[in-house]
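Before any comments, here is the structure.
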Protein chains: 2
Amino acid sequence: MQRTPRSAENRSAIAEDARCIFERHVRDRKLKSSKVRTELVRNIASLSGHFTAETLQGRLDPQVRVSKATLYRTLGMMCECGLLISHEFGQGALFFESSLGQAHHDHFFCVDCRTITEFTSPGIEAMQERVAAESNFELTSHSLKLYGYCAACGPKRAAAAQPR
Amino acid sequence: MQRTPRSAENRSAIAEDARCIFERHVRDRKLKSSKVRTELVRNIASLSGHFTAETLQGRLDPQVRVSKATLYRTLGMMCECGLLISHEFGQGALFFESSLGQAHHDHFFCVDCRTITEFTSPGIEAMQERVAAESNFELTSHSLKLYGYCAACGPKRAAAAQPR
DNA sequence: CTAACTGCAAACACTTTGCACGCCA
DNA sequence: TGGCGTGCAAAGTGTTTGCAGTTAG
């Protein structure tokens with residue numbers, strides 16, 4: 001499953017949805033809104049793909065200028081209200097992805113080029129439910145990562161191993 | 001699946017196996033052995049359950065005195081030669097577990113009491129293989145974690161939510 | 001006018017690294 | 001006897017927090 005990059009119209013619709021969800025979260029918690037935060041949320045939510053706090057800096061509209069502190073604080077809030085999903089891939093930093101307009105999915109991680117790709121497997125999901133139920137474990141979330149060589153790096157590696 | 005704690009005889013057999021595997025690793029890489037390291041490897045390999053570098057300190061034989069630097073270096077080597085498996089549970093520190101005498105398994109993580117339990121699901125494993133093959137992804141490893149409330153915390157939580 | 005937001009820099013937790021010295025092959 | 005292992009302390013990395021000033025409701 002390859003994710004299609006978001007179109008411009010799509011992105012602005014998503015940004016708007018994100019703003020609404022975030023505003024509700026802010027209201028519920030009796031927090032305050034702010035120009036910086038609103039723009040930041042719109043920006044982040046409309047990104048496609050996976051990013052870290054670090055790589056995020058380079059992908060924001062140049063006019064959105066935020067400190068690392070605010071960035072991390074906002075990322076945290078967006079995770080709390082479900083706008084972002086975070087993942088660990090053993091790379092030190094957390095990876096985030098916008099959840100809006102995204103069906104649930106799991107990930108491949110190429111240990112060579114570090115590319116993250118997505119897949120879905122209803123069968124695996126169903127079996128997870130079953131396994132959890134059998135153990136009286138009340139499932140709230142899960143994380144499935146498959147590590148290895150992607151379709152590009154696998155052959156490349158095989159060729160390098162046998163240079164003849 | 002509950003892991004049975006290791007018996008004393010079992011632990012010493014495992015410690016011995018671990019030593020052999022580690023020695024081979026050392027030889028292959030033209031490194032050197034040392035008293036500290038050998039004892040550390042025997043100790044760590046015979047532990048049952050999951051531990052972090054931090055909690056490990058308290059579980060070693062009191063006579064094994066090592067610096068954090070050596071501890072981390074040894075943990076790294078043990079992972080390289082397959083004696084240890086490491087896991088991230090989003091808790092900051094890496095968790096390790098000895099792999100000797102252990103079948104492959106995946107994990108439940110209780111978000112309340114933070115207990116780690118294990119399970120196996122050949123069905124899930126098989127489906128992972130299939131999904132990877134379909135994407136021409138060459139699988140080398142995987143990580144599946146189910147988060148939620150364990151059999152003890154689930155009911156406890158339900159009761160607290162409705163105190164009547 | 002109060003409480004939350006912001007940026008900055010300092011603090012933090014976990015892990016890695018540089019270095020001087022000791023020990024193994 | 002050369003090179004690796006060790007401990008110590010310092011450095012690193014990613015993230016969080018305290019604080020003084022700013023802004024929203």
Side-chain angles (χ1 to χ4, degrees), chain A residues 19 22-44 50-60 62-81 84-97 114, chain B residues 19 22-44 50-81 84-96 114:
Chain A
R19 199 188 51 69
F22 193 79
E23 296 280 283
R24 182 167 59 236
H25 179 72
V26 161
R27 232 178 301 119
D28 286 353
R29 307 234 170 168
K30 309 199 192 316
L31 303 177
K32 287 177 183 171
S33 205
S34 89
K35 202 171 166 185
V36 171
R37 206 133 85 178
T38 304
E39 259 324 290
L40 196 48
V41 168
R42 291 180 52 95
N43 247 265
I44 295 176
H50 300 78
F51 47 87
T52 63
E54 179 70 26
T55 65
L56 179 55
Q57 311 253 40
R59 298 187 55 190
L60 295 174
Q63 70 234 35
V64 179
R65 191 81 83 257
V66 265
S67 66
K68 256 193 163 86
T70 297
L71 193 57
Y72 276 108
R73 285 189 274 239
T74 307
L75 288 170
M77 296 178 72
M78 291 181 72
C79 285
E80 280 171 15
C81 65
L84 288 182
I85 314 263
S86 68
H87 307 281
E88 283 180 298
F89 288 102
Q91 298 299 105
L94 266 182
F95 283 77
F96 299 90
E97 67 180 321
R114 304 191 170 184
Chain B
R19 198 186 54 69
F22 192 79
E23 297 279 282
R24 181 165 60 234
H25 180 71
V26 161
R27 231 177 302 119
D28 286 353
R29 307 234 170 166
K30 308 200 193 313
L31 303 177
K32 286 177 183 171
S33 206
S34 89
K35 202 170 167 189
V36 171
R37 206 132 86 177
T38 305
E39 258 324 289
L40 197 47
V41 169
R42 292 182 51 98
N43 247 264
I44 295 176
H50 302 77
F51 47 87
T52 62
E54 179 70 26
T55 65
L56 180 54
Q57 309 253 42
R59 297 186 57 190
L60 296 173
D61 278 356
Q63 70 234 35
V64 178
R65 192 81 83 254
V66 263
S67 67
K68 258 195 162 84
T70 298
L71 193 55
Y72 276 107
R73 285 188 274 238
T74 307
L75 287 171
M77 295 178 71
M78 290 180 75
C79 285
E80 281 171 13
C81 64
L84 287 182
I85 315 264
S86 68
H87 308 282
E88 283 179 297
F89 288 102
Q91 299 298 107
L94 267 182
F95 283 76
F96 300 90
R114 309 195 166 180

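Letters A, B, ... are given to chains in the order of the sequence lines, protein chains preceding strands, and every chain is numbered from 1. Keep in mind that this is a model prediction, so the values were computed, not measured.
A tilted orientation is assigned to the rings of A/H50 and A/H87, their planes being inclined by 30° to 60°.
Side-chain atoms of A/A69 lie closest to D/dT17 of the nucleotides C/dT17, D/dT17, C/dC5. In the set C/dT15, C/dC8, C/dA3, C/dA3 carries the atom at the smallest distance from any side-chain atom of A/K32. Among the nucleotides C/dT15, C/dC5, D/dG5, the one closest to the side chain of A/R37 is C/dC5.
Contact check, B/T70 against D/dG7: a side-chain N or O comes under 4.0 Å of OP1 or OP2. Between A/S34 and C/dC5 there is no side-chain polar atom (N or O) within less than 4.0 angstrom of OP1 or OP2. Regarding contacts with the backbone of D/dT16, every side-chain N or O of A/Y72 stays at 4.0 angstrom or more from both OP1 and OP2. For the pair A/R73 and D/dT16, the criterion of a side-chain N or O lying under 4.0 Å from OP1 or OP2 is not met.
Summarising the local packing, CZ of A/R59 is surrounded by more than 12 heavy atoms from other residues, nucleotides or ligands at distances under 6.0 Å.
Within the 4.0 angstrom heavy-atom criterion, no nucleotide atom of any strand lies near B/K35. Within the nucleic acid shown, A/T52 has no heavy atom closer than 4.0 Å to any nucleic acid atom. A/R27 comes within 4.0 angstrom of no nucleic acid atom, judged by non-hydrogen atoms across all strands. Looking at heavy-atom distances under 4.0 Å, B/R29 makes no contact with the nucleic acid at all.
The pair B/R19-B/E39 does not count as a salt bridge, with every side-chain nitrogen at least 4.0 angstrom from each carboxylate oxygen.
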